[in-house]
Amino acid sequence: MILGIETSCDETSVALLERDGTVRVNHIASQIERHQPFGGVVPEIASREHLAHLFPLVTRALADGQAEWKDVEEIAVTSAPGLIGALLVGVAGAQGLAYGLGIPLIPINHLEGHIFSPYLQREGPALPLPERFLSLVISGGHSSIYDVRRGAVTMLNRTRDDAIGETFDKVAKFVGLPYPGGPQIEKQGREGHADPKRFPFPVPQFKDESADFSYSGIKAGAIRLAREQNISVDGDPQALADFCATFQDALIAQLFDRLEVIWARVAGRPSELAIAGGVAANGVLRDRMLEWCNKHDVTVRLPEKRYCTDNAAMIAFAGLQRENMAGDPRRVVARSRIG
Ligand code: KG4
Ligand code: ZN
């Protein structure tokens with residue numbers, strides 16, 4: 001079995017994965033309540049919480065997975081990107097465990113964890129990875145489309161400013177909804193009717209025909225409209241619901257706009273499109289993605305909701321794809337950024 005450890009942001013997570021990708025346990029200690037009073041993640045609090053939870057979680061994962069230390073053949077740990085203090089807790093912990101057990105340690109790029117996560121199943125072995133797939137990673141820190149061929153990842157676009165999840169969070173915070181804002185906007189929007197006349201959020205285009213994302217314009221526009229029209233949790237509930245529905249529609253519309261461009265440009269046809277990251281838990285997006293893939297005759301892979309937000313099962317699974325990186329635990333280095 002492979003032990004996965006994830007501590008890059010505000011969830012401490014430990015998982016045990018069998019070699020066929022079956023998730024034996026995937027424990028997550030969420031810190032959301034600790035950060036909520038501040039309206040976002042406080043790095044120092046995150047590090048301390050990881051320190052308090054990591055080892056108890058490892059012990060519990062082994063007990064609940066009916067495993068012993070001798071069953072663990074290697075450890076996969078998120079080493080980048082993320083909050084440096086948070087990453088250091090996971091990396092140092094994993095180094096100590098791997099060194100003590102005399103087993104290899106695999107450093108994992110958190111993004112690759114998300115990229116492969118749609119292939120994990122709720123029960124039983126993971127789905128086989130196709131020869132080639134397009135991956136859309138949409139989270140609090142990232143918005144990018146990747147071309148994944150035989151496990152090699154090429155970035156096709158990125159965001160020039162804010163990530164989509166971050167945009168959900170900041171606008172939600174402005175109107176007084178609690179952190180994290182994505183699920184809150186989705187919930188409020190369910191009672192609303194999208195009205196692009198009242199809340200105009202155009203999809204931004206670049207002069208250079210780039211397929212990059214850009215969310216800062218929508219963020220600024222949403223905050224301005226909310227201020228002008230008095231949209232908040234203390235105001236008219238229907239106006240808030242309509243605002244959330246329109247804003248969510250605009251964020252999602254940009255995803256499809258760029259996906260359409262990239263799909264037309266990409267040479268050859270990937271057989272599958274896999275969506276990953278916290279924002280992939282959004283129900284409206286999931287329904288539209290199913291429709292889009294139906295229309296374009298491509299198989300869609302939507303991750304189980306439990307594997308959308310940060311978790312160690314996806315890190316252990318990325319470890320299986322990156323076993324060539326397994327090595328001396330002392331050589332693994334935590335980095336806040338990649339490259
Ligand atoms: O992948 P993740 O747990 O952490 C990062 O690696 O960033 O993603 C967290 C992000 C947050 O911005 C959160 O608001 C967003 O995912 N999110 C959602 C939903 N659930 C989580 N956004 C929209 N709709 C949701 N249902
Ligand atoms: Zn993440």
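What's counted below: heavy atoms across the whole structure, side chains too, no hydrogens, waters or symmetry copies. Each ligand, and each atom within it, is numbered from 1 in the order the structure gives.
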Visitor: Would you say the Zn ion (ligand 2) has His142 as a near neighbour, meaning an N/O/S atom of that residue under 2.8 Å away?
Guide: no
Visitor: Side chain, backbone, both or neither: which applies to Asp169 and ligand 1 if a contact is any heavy-atom pair less than 4.0 Å apart?
Guide: side chain
Visitor: Taking the six-membered ring of Tyr215 as reference, does the NZ or CZ atom of Arg160 fall below 6.0 Å from its centre and within a 45° cone about the axis?
Guide: no
Visitor: Would you mind listing which atoms of ligand 1 come within a distance below 4.0 Å of any non-hydrogen atom of Gly165?
Guide: 12 (O)
Visitor: Hey, is Cys308 touching ligand 1 through its side chain, its backbone, both or neither, going by heavy atoms under 4.0 Å?
Guide: backbone
Visitor: Indicate, as side chain, backbone, both or neither, the part of His114 found under 4.0 angstrom from ligand 1 when only non-hydrogen atoms are considered.
Guide: side chain
Visitor: So, Asp310 and His114: side-chain donor and acceptor under 3.5 Å apart, yes or no?
Guide: yes
Visitor: Vertex the Zn ion (ligand 2): angle to OD1 of Asp310 and NE2 of His110, to 10°?
Guide: 100°
Visitor: Does any N/O atom on Gly278 come nearer than 3.5 Å to any N/O atom on ligand 1?
Guide: yes
Visitor: Can we say Glu291 and Lys295 salt-bridge, meaning some charged N sits less than 4.0 Å from an Asp/Glu carboxylate O?
Guide: no
Visitor: Is any side-chain N of the basic residue among Glu73 and Arg19 closer than 4.0 Å to the acidic one's carboxylate O?
Guide: yes
Visitor: Going by an N to O cut-off under 4.0 Å, is there a salt bridge joining Glu18 and Arg24?
Guide: yes
Visitor: With ring centroids as reference points, do Tyr119 and Phe133 lie under 6.0 angstrom apart?
Guide: yes
Visitor: Donor-acceptor pair, distance only, cut-off 3.5 Å: does the side chain of Arg60 make one with the backbone of Phe55?
Guide: no
Visitor: Are the charged groups of Asp195 and Lys197 less than 4.0 angstrom apart, N to O?
Guide: no
Visitor: So which heavy atom in the protein is nearest atom 26 (N) of ligand 1, and how far is it from that ligand atom?
Guide: Glu186 OE1, 2.8 Å
Visitor: Under a 4.0 angstrom heavy-atom cut-off, which atoms of ligand 1 come close to His110?
Guide: 6 (O)
Visitor: Have a look at Gly82, Gly182, Ala163, Ser139 and point out the one with the heavy atom closest to atom 22 (N) of ligand 1.
Guide: Gly182
Visitor: Atom 24 (N) of ligand 1: which protein heavy atom is closest, and how many Å away?
Guide: Asn282 ND2, 3.0 Å
Visitor: Under a 4.0 angstrom heavy-atom cut-off, which atoms of ligand 1 come close to Thr309?
Guide: 3 (O)
Visitor: Return yes or no for this condition: an N or O of Glu11 is under 3.5 Å from an N or O of ligand 1.
Guide: no
Visitor: I'd like to check which ligand 1 atoms, numbered from 1 as shown, lie under 4.0 Å from a non-hydrogen atom of Gly141.
Guide: 7 (O)
Visitor: For atom 10 (C) of ligand 1, what's the nearest protein heavy atom and its distance?
Guide: Gly140 N, 3.5 Å
Visitor: Apply side chain to side chain contact (heavy atoms under 4.5 Å, CB included) to Val153 and list each qualifying residue two or more places apart in sequence or on a separate chain.
Guide: Glu112, Ile115, Tyr146, Val148, Arg322
Visitor: What protein heavy atom is closest to atom 3 (O) of ligand 1, reported as residue, atom name and distance in Å?
Guide: Asp310 N, 3.1 Å
Visitor: Just checking, is any N or O donor in the side chain of His110 or Glu6 under 3.5 Å from an acceptor N or O on the other one?
Guide: yes
